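Heads up: the structure comes next, in structure tokens.
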Amino acid sequence: MSWVFLEAPAESGADALAAFWDVAWPKLFSFGKTLLIAILIWIIGKKLIKFVLKLTKRALERAKVDDGVQSFLMSLLRIVLHGVLIVMLAGTVGIETGSVIALLGSAGLTIGLALQGGLSNFAGGVLILLLKPFKVGDYIVANGMEGVVAGVDIFYTKLHTGDNRVVMLPNGALSNSNIVNVTQEPVRRVDLVASVAYESDIQLVKRLLFELGSGSEYSFEDEAHPVQVYVDTYGDSAINLGVRFWVKSEDYWAAKWEANEKMKEVFDQNRISIPYNQLDVMIKK
């Protein structure tokens, strides 16, 4: 019995590798070229987006568009431009752009149904920018919070509170709530109430309160904004008088604190008593 061995030509392995390389090289070259083009599009696209955003911001500033509107439009434009860049990259690597757009649309619909609150916040942000109940820099009171408006983004409005906290209010809830804009008007009225004993000279008290309101360094008085002094109510142990005077909005708290302090000093100087609740106890033996 004899064995016959058939040996493959020595060059067959090299030929197979060469044949594989001949087939693979064009595909690798095409893939590398496509990848390089995609990277270049990404780099150039990012720079273009940055340039367009910078140019748009300058245009909005020159047009003196409200800061809140600027913030909202810049955020929206940034999202749109990045979406366009993603579609371009998909088309570059051979993915049908129509399929990408359809996929993004269906994904957006699905996400929108899942995140209805986000859509509500977006719509609320649009309403805030259109109706302009406040602008960046205003001091507002809403939803149990108050502070200076630092910015209006797509979904949230940012507030800086008086003790330097940052509060993010959802635009949807904010647009459907009562909003008090404290600083929109240039002047505000300071209302003070003084309680004096029934034995006090009412005319003297009224004159002192008038001098207190008109003599304040913060007082803003004219025909449309006079100082008013009046008898408000008769309490159980005191007569309540009121004084109203106008100040610039930014001076409101300083004027109110100063007036409260001086009221006590003036009453003490004129021996006008400020009654307080007393309880008489009678003990029967």
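Computed from a predicted model, the values in this text were never measured in an experiment. The first residue of the sequence shown is numbered 1, and numbering continues consecutively from there.
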Residue that, paired with V229, satisfies side-chain contact (heavy atoms from CB on, under 4.5 Å) out of L209, L192, L208, L212: L209
Any side-chain heavy-atom pair of V243 and F210 under 4.5 Å: no
Minimum heavy-atom distance S175-I128, with the two atoms named: CB-CG1, 4.3 Å
Distance-minimising heavy-atom pair for V136 and G151: CG2-CA, 4.1 Å
Minimum side-chain heavy-atom gap K158-H160 below 4.5 Å: yes
Sequence-distant partners of E146, side chain to side chain donor-acceptor pair (under 3.5 Å), two or more places apart: Y139
Side chain to side chain, K50 and L53, heavy atoms closer than 4.5 Å: no
Main-chain N/O of G213 paired with S216 side-chain donor or acceptor, under 3.5 Å: no
Side chain to side chain donor-acceptor pair (under 3.5 Å) pairs, two or more places apart, involving residues 245-257: none
Sidechain-backbone polar pair: N171 side chain, T157 backbone, donor-acceptor under 3.5 Å: yes
Candidate pair V149 and L159, rule side chain to side chain contact (heavy atoms under 4.5 Å, CB included), full reasoning: CA-CA 5 Å; V149 179; L159 297 184; 3.7 Å; yes
Under 3.5 Å donor-acceptor, N121 side chain and G172 backbone: yes
Shared hydrophobic cluster, V148 / V180 (ILVMFWY, side-chain heavy atoms < 4.5 Å): yes
Heavy-atom pair with the smallest gap, counting every atom of A255 and V247: CB-CG1, 3.7 Å
Donor-acceptor under 3.5 Å (N181 side chain, P133 main chain): yes
Polar side-chain atom of D268 near backbone of E265 as donor-acceptor pair, under 3.5 Å: no
Smallest separation among heavy atoms of S273 and S200, with atom names: O-OG, 4.3 Å
Main-chain N/O of V52 paired with T56 side-chain donor or acceptor, under 3.5 Å: yes
Geometric class of the H225/F220 ring pair [parallel <30°, tilted 30-60°, perpendicular >60°]: perpendicular
Verdict with reasoning, F245 to Y218, per side chain to side chain contact (heavy atoms under 4.5 Å, CB included): CA-CA 9 Å; F245 62 96; Y218 302 105; 5.7 Å; no
I43-L36 co-clustered via ILVMFWY side chain contacts under 4.5 Å: no
Heavy-atom side-chain contact between V205 and F267 under 4.5 Å: yes
Y230 with M263, same ILVMFWY side-chain cluster at under 4.5 Å: no
Within 6.0 angstrom of D236 CG, more than 12 heavy atoms from elsewhere: no
Min side-chain heavy-atom separation L85-I41 under 4.5 Å: yes
Salt bridge (charged side-chain N to carboxylate O under 4.0 Å, His left out) partners of R78, counting only residues at least two apart: none
Verify same cluster id: V152, M168 (apolar side-chain graph, 4.5 Å): yes
Nearest heavy atoms of I179 and A142, plus distance in Å: CG1-CB, 4.2 Å
Nearest non-hydrogen partners of I274 and S195, listed with the distance: CG2-O, 3.5 Å
D201 side-chain N/O to Q203 backbone N/O, donor-acceptor pair under 3.5 Å: yes
